[in-house]
Amino acid sequence: MPLPRHRHHRHHRHRHRLAADAGLLVVAVAFAVPLVWLVLASLDAEATLRVRLPESPTLNNFSAVLTDEITFTPMLNSLLICGGATLLTVVCAALAAYPLSRFRSRLARPYLLTVLFSTCLPVTAVMVPVYGLFVQIDLIDTRYGTALFLAAAQLPFAIWLMKNFMDGVPKVLEEAAWTDGASWPQTLLRVILPLMGPGVAVVAIYTFIMMWGNFFVPFMLLLSPEQLPASVSIFTFFGNYGAIAFGELAAFSILYSTPVVALYILVSGRLGGGFALGGAVKG
Amino acid sequence: MTGVLARTAARARTPGAPSVGFWTRLLRWSPLVPATVLLLLFLVGPIGYCVLIAFTDTQLTGQESASFVGLANFRRAFGDPAFRNAVVLTLVFTVLSSLVGQNTLGLALAGLMRRASRPVRSLTGAMVITAWVLPEIVAGFLLYTFFERRGTLNALLEWLQLPAQDWLFTLPIMAVSFANVWRGTAFSMLIYSAALAGIPQEVTESAEVDGAGGLRRLWHITLPMIRRSIGTNLMLNTLQTLSVFGLIWVMTRGGPGNRSQTLPVFMYDQAFLKSLIGYGTAVALLLLLVGALFSVIYLRLLREEV
């Protein structure tokens, strides 16, 4: 008797799998359509708004946008702003996470709760007062001012993630360093951070990805065209030209998106990336 | 018993044992300074400033003319049909795209992925996550081309012999909501994948042996077991959706008219295009308050964790 029942069970499994595969494929295709358009249009000299195979695939759209004005300056601006802000965020977050993770105090919990609370605040809402404030203190239309604000906006989540990763490093090793007379900066730099290297990488890359894609902050705080990062310059590209060259816009979108997609693949390959991140915020 | 012992031992080993002096403690907590300064200057500062100018009639043209107007901005907001329109649209946008769309689709994908074959699972994951990783403006641009009158959606409908429409004109809020689902579902999918992986295999299996059908298992076993993740996810999704600006701005600029003008777009429009900084900030403050409310609920959900 057990045999047919077993087979029945397997048959069931098989059907379930087919149904699940079919369902997922439908979703995958739906999600893929805009992405397919992006790739095909970037290779199409006469790209339209529709998905269609280019008659004679060409890289002309790419060579057309690979100029200082359209690609290199905005990308360099993005790199300066987001790179600088990421560095600042990671350093501040690592420093802040250290006492929060290692020492006890009556203040630690309220501090962490405040950090977690500000993680959730909609940053979009503060952009109007930030603009006003930046005009008053003369930080408006400066790349470093924009970077400072981006760093502050991303900092709560970075502290939170960093503290969680740091909690995972056992204390035994740094105690050995303590008894050898190491100071806290030495312990942090030589013992803890190397042990949580992948964690630091996740925080840094996640922070960078968030900033690279951010539109509203630089859109509000930067005015002069030569300072705009790619997230804003692509928008002016989109809005200012009477007839939009969709192929070129697609090509530029690919160039602009490639760094973050590549970085994401790098983290997810190493650490199960998004899944680790999902685990870190799932609560 | 063992728990108490372990905890006492842990406390004894903690470097921050109770006997340290004031200066040592100060030195230990000094690494918090850079982060705190940055947060005070650029996050707490603007929020305070926001509270301040929300009660004034500040305009873009000159700071010296600003004067305290009390609750006038808020009274004006609640009496302003355009504001009420923005509130309704924000609700529609949030409920459609975050509560219904991202959340349900994310859970469905995470569930299906546990049964699907490996290549299909990877392919779907890759597509959904790519949509999430792409910069906001690129996502907005791609969905614009999809929904535009001459775009792919209408091409598909024509091919299926169905009537085409100018989606961004007739149903702009639906179009931007779908765009937000496209862009944001990956987050829910990741959270629910982690949550479902945490359910012990025996629980599902014993329910299966007891003859519980798929829907009943979902309702009586799976959902209760991942309810904390559901709460967290809904909270984070809602907050994320509340502050969406770039996606809508690229696709419709809040239009046509103000038919896709959610609160962030309305705030920007009032503060900058109409130069009413005081009024725009009052709207921002209301948005912040809604966010703060959700944050508090979120913290309560996480209470035991911190």
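Proteins get letters first, then strands, A, B, ... in listed order; numbering begins at 1 in each.
Of the atoms belonging to A:S105, heavy atoms from both backbone and side chain fall under 4.5 Å from chain B. Residue B:R114 does not touch chain A at all, counting heavy-atom pairs closer than 4.5 Å. For B:L285, no part lies under 4.5 angstrom from a heavy atom of chain A. For A:V33, the part lying near chain B is the side chain, with the backbone staying farther off; criterion is any non-hydrogen pair under 4.5 Å. Neither the backbone nor the side chain of A:I254 has a heavy atom closer than 4.5 Å to any heavy atom of chain B. Interface remark: B:E148 contributes side-chain atoms only to the contact with chain A (heavy atom separation under 4.5 Å). Within the 4.5 angstrom heavy-atom criterion, atoms from both the backbone and the side chain of B:S117 approach chain A. In this structure, no portion of A:L18 lies under 4.5 Å from any heavy atom of chain B. Using a 4.5 Å cut-off between heavy atoms, B:S188 does not touch chain A at all. Contact of B:V181 with chain A is made through the backbone alone, with heavy-atom distances under 4.5 Å. Heavy atoms of B:Y192 lying under 4.5 Å from chain A are absent altogether. In this structure, chain B has a heavy atom under 4.5 Å from the side chain of A:L139, while its backbone stays farther away. For a residue to count as touching a neighbouring chain, one of its non-hydrogen atoms must lie under 4.5 Å from one of that chain's; by this rule A:F252 does not touch chain B. With a 4.5 angstrom heavy-atom cutoff, A:M210 does not touch chain B via any of its atoms.
Between B:V128 and A:F31, the shortest heavy-atom contact is CA-CD2, 3.9 Å. Nearest heavy-atom pair across A:S183 and A:T187 is O-OG1, 2.6 Å.
Donor-acceptor pairing under 3.5 Å is lacking for the side chains of B:Y49 and B:T281.
Checked by atom type and distance alone, the side chain of B:W132 never pairs as donor or acceptor with a backbone atom of B:T185 at under 3.5 Å. Looking at A:R102, its side chain does come within 3.5 Å of a backbone N or O of A:M166 through a donor-acceptor pair. Side chain of A:W212 to backbone of A:S257: no donor-acceptor contact under 3.5 angstrom is found. Side chain of A:S101 to backbone of A:Y98: no donor-acceptor contact under 3.5 angstrom is found. One N or O on the side chain of B:T90 and one on the backbone of B:L263 form a donor-acceptor pair closer than 3.5 Å. In this structure, B:R183 contributes its side chain and B:L134 its backbone to a donor-acceptor pair below 3.5 Å. The backbone N or O of A:V51 sits less than 3.5 Å from a side-chain atom of B:T152, completing a donor-acceptor pair. At least one donor-acceptor pair closer than 3.5 Å links the side chain of B:E136 to the backbone N or O of B:G246.
For the set A:L188, A:N214, A:V128, the count of heavy-atom pairs under 4.5 angstrom toward chain B peaks at A:V128. Counting heavy-atom pairs closer than 4.5 Å to chain A, the top residue among B:L41, B:L156, B:T130, B:T36 is B:T36. Among A:G23, A:A28, A:A125, A:P156, the residue with the largest count of heavy-atom pairs under 4.5 Å with chain B is A:A125. When the candidates A:C92, A:A96, A:C120, A:G213 are compared by the number of heavy-atom contacts under 4.5 Å with chain B, A:C120 comes out ahead. Taking A:P122, A:A94, A:A230, A:A41 one by one and counting their heavy-atom pairs under 4.5 Å with chain B, the maximum is reached by A:P122. The candidate with the highest count of non-hydrogen atom pairs below 4.5 Å against chain A, out of B:A284, B:A131, B:S295, is B:S295. Contact tally against chain A (heavy-atom pairs below 4.5 Å) for B:A139, B:P34, B:G198, B:G151: the top residue is B:G151. When the candidates A:L107, A:V115, A:V260, A:T124 are compared by the number of heavy-atom contacts under 4.5 Å with chain B, A:T124 comes out ahead. Of the listed residues B:V296, B:T145, B:L43, the one with more heavy-atom pairs under 4.5 angstrom with chain A than any other is B:T145. Counting heavy-atom pairs closer than 4.5 Å to chain A, the top-ranked of the candidates B:L153, B:V290, B:L287, B:V244 is B:L287.
For A:R50, the salt bridge (charged side-chain N to carboxylate O under 4.0 Å, His left out) partners at least two apart in sequence or on another chain are B:E158.
The ring of A:F157 has its center closer than 6.0 angstrom to the ring center of A:Y206. B:Y268 and A:F219 have their aromatic ring centers within a separation under 6.0 angstrom.
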